[in-house]
Each structure stands twice: as C-alpha cells, then as structure tokens.
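The block underneath contains the structure these notes are about, expressed in structure tokens.
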Amino acid sequence: MLLTGLLCWYALPFVIPLPAGLQKNQIASPVLRDRNGTPIIYLTLSDSTRATPVSLKCISADLIACTLAAEDKRFFKHSGVDLFATLRASRDFLIKRRVVSGASTITQQLVKISTPAAKRNAFTKVREILAARRLEMTWSKQQILSAYLNHLDYGNLRMGSAEAARFYFQKPLADLSLAECALLAGLPQAPSRLNPIRYPDRAIRRRDLILHRLMLLENSTAARVSTALTEPLTLRPLSESQFAPWLAAQANHLSSQNTTLDLPLQRDLETIVQEETGRLKDANLRHAAVVVIHNATGEILALLSSANWNDPRGGQFNGALSPRSPGSTLKPFTYLLAMERDRLIPSSILDDIPTPFFTPQGLHLPENYDRHYRGPVTLRTALACSLNVPALRELNQLGGPAPLHHLLVSLGITTLGDDPSFQGIGLTLGNAQVRLLELTNAYATLARQGRHFPPVLILGNQPTERLLFDPTNAYLIADILSDTAARAPSFQPGGPLDLPFRCAVKTGTSSDFHDNWCIGFTPEFTVGVWAGNFEHQPMKGLSGIAGAGPIFHRSMLRVQRDSPPRWYQRPSGLIDIVTDVRTGKIIPADENNRHVRRDFAPSDRLPLHFFPSDYDSDGKAFLPAIYREWFTSRHNLRLHELALNPSPHTPTPLRIISPTDNAIFLLDPEIPSGSDKLRPITNLPGTAQWRSNTLHIEAAKPEPIIHLTLGTHILTATDPNTGETHTLTLQVKSL
C-alpha cells in the first residue's frame, strides 16, 4: 500500500505532460517604440490581450507576499498539493454542502491557466494535481512563482503583474506601494467582478482582506499594513494609442521594434494640428494629416493621420495614406521635365495666353486661379505663382501626360493607374488622386536633388537608391520654390509660406475647396500637409495657403528647431546671367530697368542675347504673333511694357530641309564615329528649338547635334518667334 502511494505521488505525475503553455517562453505584446527607444504603443496579442513578461527579480517582494497571502500562504512548504487546504475545503464542503473555499495551490492554478479550458470534473482535477506534482519535481519554486505572476489575468485584457501595474497605475512593479500590490494581488480571483475601474469599492474590500491576511502572516509588517489600509485608491488607467494611434494598424508589418518616429516631435505636431484645425472649424476644416521625412535617410520622423482620432466623422481614417486630389502640387514635376527634356531654364519665356485644349469631354479653355492671363512670363514666375495655363501648355509641348505620368510613377506615386490618357494634361493641375506620404516623399526626392528611395518607418532599414533626374535641374526647381520675391504677385509676403530661413514650398487646392495641400523642404527635412474633410465636404473658400499653410509653417519651424537650417551649395556649371523678364534674353544690367532680373543658368543652356530690334522706341518689348489675340484682349494689363511688332512683312515660315519625315537612318558599326550623329538643316539656321523624348540633343552652332540610337523616334522643331512647330518621325536601324 505504501509502495503504491509512493508510486502515485512520485511516478504517476510523469505520465501527465506539462501544459503546452509552459513548454515555451511566454510571448510579450509587441511594443512599437520611437527612434530613441521610447514606447509609443503596446500592441495586442492574437487573443486581444496585452502581456509584459518579466523575471522574478523585477517583481517586488511586496507583490509576491500579497499574492501568497491571497492565494497560497504555504507555497514554499508544499510540493504542489496543499494537503491541509484540501482537507479544510473537503470538510467545509461536507458541512455546507457547497464549495466554500478553494484548495488549489499556485502550482495547480498555474497548470490550470496554462491549459486549454476543459469541463470541470473529478478527472480534470486529478490531471491538474498530477501535472502540478510533475511541475514541482521539474521546476524550482522561483520558476513556478515567476511563471504564475506572468500568466495571471488581472482584468481589462492585461496578463501578468508587470502589464497590470503599467495599465492601472502607469508604474513599474518596483515603484508600487504595499496597498497597490495588495490591490493587484486580489484581482485574479475575479477580474471582472473586482475590476477597480468599474467597481472600486469591491476591489478595495478585497485589497483590505489581503492586507489583514498579510498582517497575520508577517507580524513585522503590521505598521506598514496599517498605513496601507488607509491609503486611498488612486488609479491611472492607461489610455492606449495616445500618440500615433494609426501605428496599431501596422501591427502585422512591424512587430516589436523601433520605428523611425520621433515621439516628442510627433506630440508637438499633433498639438499644432489640433490647434490650427480648431481655429478654422468655422471654415468647415476638421481634419489634417502631416508627414515629416528626414531627407538623407528617408526616415519618417512624424506622421499624423488625422486631427482627432476619436472624431466619429472619420477620425480614424489615415489622411497620410488616403488618396486625395493634389491640386497644383504636381506642377514642379512638369517644369522639372521641361528642364530635363526641353532644356528650359528659370528665365525661359512661357506663354500665359488663352489656349483651348481638346479633351475626351470636348473642347476645354483652362483659366488661372484669378481668371486672368498674363502674356509672356518666365518659367520662374509661372511656377512660383502657380499659373495653370503655362503648366498645361508645357505638358502639352512635352507630348502630353505620359512623361509626367511616368515620372510620378517612378517617384513612388501608386494611385495614377496605367493609362496616362485617363487624366490627360490636366494631370499637372492635380486631376488625379495621390497619397500624402507618397507625394511628400516625391518632394523629398527633389530635396535630395534626384536621389530617390522609398520612405522608411523601421529604424535601420536601408532602402535602394536610384538617381531619377539631373541634380542641377532639381536645384533650379528648389531655387524657384524658395523664391519669395517670385511668388509675391500671387502670395502676399509675410504669410505662412515665408519662414525665417530658406525653404522651398508649394501649395495646392483642389476644385471646390475639397482638399488643401502645402508641401515644402529644406536640405534636411521635407514636410507635407493635407487639410480637408474625410467625407469630402468642401471647406468654405479655404485655399492651400490659408488651410494647410499655417500647419506647414508651424510644423517646419518645429522640425528645424534643433537643427540649424542651411541651403544647398550652388552646383558647378551655373552661370550668373541678367535677363529681360519680357523676352528671356540676356541684357546688360540696369538698376533703373524694372524688367531686368538677375538669374543663373547652366553653361550649356544660356539664353540668346538681346537685339535692339527686340524693342520699340519707347523701350517696349515686341511680342511674337502668337500673342496678338491676347494683346488686344481685356486680359492685357501690360500695354505700358509690351508692344506688337508693327513690321508689315510676314515672318518667313520655318521649313525643315533635313531630315525628312519618316526618314530611315542606318548605323554602321564599322564606322567609329559619325554615323550616329545627325545635324538637322532648316531654312532659318540657328532659329529652331529641337527636342525629342528619346534622343539626346547636344547644343551646337548653328544647329544642334542629334545622337541617334536604334528605334523609332519623334523629333520636334519649334520656331520660338512664331510658335510654329514641325514634328518628324525617324527610324534608326543597324546595318
């Protein structure tokens, strides 16, 4: 009989496997931290709980003592089964005919909470007892106690004592008072019924019961217990997702690791957005999103998804990822293409005149924001003042929407679709939808002077880099966007776009005031702002400068607060020039001539020098015939500075002598050089401006050199004096 008892006590437990939940390390809730390691958000586990396992040495002695007093005062004396407690519970059951007190030890409870739920019966109880015996013979008491305190359910989906202390008191375990330890120790008995947030009186009664038990067990703690009994309950329930709440939606992609976010910056920008949207609520502006990118690394330093995450009217949409109409914020990329492909420079003259365009919906006559046409304007003015017509004309000159569509896709814009004709040339005015994060990173590529890589949210990721355009052209675009004098005619100086340091910035406003944008950069940082309403309600006449502009202004000031602002070093090869803004031609410097502007241009793209015949006797600049209709219209407010050329003769029309349309050229690989070069011939040598999207054209006198490559190519020649254009198709084959 004795032998059988010993076998049952020592051998039979090994027939029962330990619970699977104890066979592996407990999983901690994923924690997303900022770039400095500060926790931003604690994500939930698959069962929606949160847990923070800690070693026994991190758990205060008071919490251990209170837990033993509450659950198993003879824990260090028994071997998994408390025979005294079992006999007492059996006696009480026989007397009362119901369960009055439990007899489960901490070891048995650990087995129970680590095993999938099963029907409560005698067989289940025996299995738990045997598993507890095996655990006691396999693990030390310290291991068992540590696992128990990490597996306990403390209510409100908080598992383990460390997570409970963080949630209820926002304290580490070591900082808990004796009263707080007793409160936590009492919760696992009935986490819902004793929830201190909903039922504080019940939780306090349970706490006091445990403190009285502790006093009986440890007489030396009587004075501390008496003090703890009078301590008021002071809960600080943790509100999750206080900052960057959108991060929770990235749980499947991020797991536990450091993000690139800067939490102090994130906090400050959230305050800025709340204050600015609150100031404009009467204009029906309720939401805004902000993205801040560190240019050198592509790291996202801050991302605000909305002004108020708890707003029932769409507050939990992520405005940084929601496609919206970008307004004029795509224009810089159109002019970048004009510099890349048509070799334009900031002083190049563009035509701001009434221009009808054929669209799938019929004939369309676009207007500028103020419904006026200015005649000849420089590229610098057209971009800085965000004129619509020159941007449309230039994209049309580039061959339509395809080049801009291709560039934007290369820059990471994913919302444009595959067919450039769907948007047409209206793409430059923002008739597509883009995401703030993607567009901000496209501007960051401008800020990096053509070096493109995707934005980064995980610290340490190294994206692959590509050079998408000429750094000199990117510098010229940045120079225009930071030119406060150039944008002054359309944007009053001293407004949100003007900062105490140099900053390239562009605004955008969608039709009917549904969307506001303001995006800008310094060499160090790019800041993008969208403002509007997620349910697409229009704002009351708010343009990008009035809605998104103030948020951008304050955000950029905050971003640069701890980083001394600087500007780009001027690229080599740029030459100082002085031009007449009416003709774009180089002219002698004259401080008394208000039409003269100092600018710069690449050495291989210098404009023509002026001729006296470019002006009448009063100094008015002559206009080519393309301006005739505009000149006599109500839009011409420049009669004092411009004139139509009175010359009675009709200009000689441009005629291309060579090459002819559909000409075929054969490249001979045995000829070291020469067969791959073509010099066009016209009846007006040195007049035509040549361009091609697929062939490199080298500037030369009197006509450029066209470098031929295999394939079919489109070649265009334009007479800048009349606007007359000829388009040819060339085929280049190999012998």
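Heavy atoms only: backbone and side chains are in, while hydrogens, waters and symmetry mates are out. One is the number of the first residue; the rest follow in order along the sequence.
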Can you tell me if [X] and [Y] form a side-chain donor-acceptor pair at under 3.5 Å?
X	Y	result
Asn431	Gln423	no
Asp352	Asn368	yes
Thr260	Arg35	no
Ser306	His287	no
Thr334	Lys331	no
Thr526	Asn295	yes
Thr414	Arg435	yes
Trp530	Asn516	no
Arg393	Thr355	yes
Gln274	Glu270	no

Next item on the list: Kindly write out the residues that satisfy ring-ring contact (aromatic ring centres under 6.0 Å, His included) with His405, not counting sequence neighbours, or none if the list is empty.
Entry: none
Margin query: Among residues at least two apart in sequence or on other chains, which ones pass salt bridge (charged side-chain N to carboxylate O under 4.0 Å, His left out) with Arg267?
Written below: none
Note to self: Taking salt bridge (charged side-chain N to carboxylate O under 4.0 Å, His left out) as the definition, give me every residue that meets it alongside Arg33, ordered by chain and number, with sequence neighbours left out.
What the structure shows: none
Has [X] got more than 12 heavy atoms of other residues, nucleotides or ligands less than 6.0 Å from its [atom1]?
X	atom1	answer
Gln731	CD	yes
Asp418	CG	no
His696	NE2	yes

Margin query: Ring centroids only, cut at 6.0 angstrom: are Tyr443 and Phe333 within range, meaning strictly under it?
Written below: yes
Checklist line | Within 45° cone of Tyr335 ring axis and under 6.0 Å: Arg380 NZ or CZ | finding: no
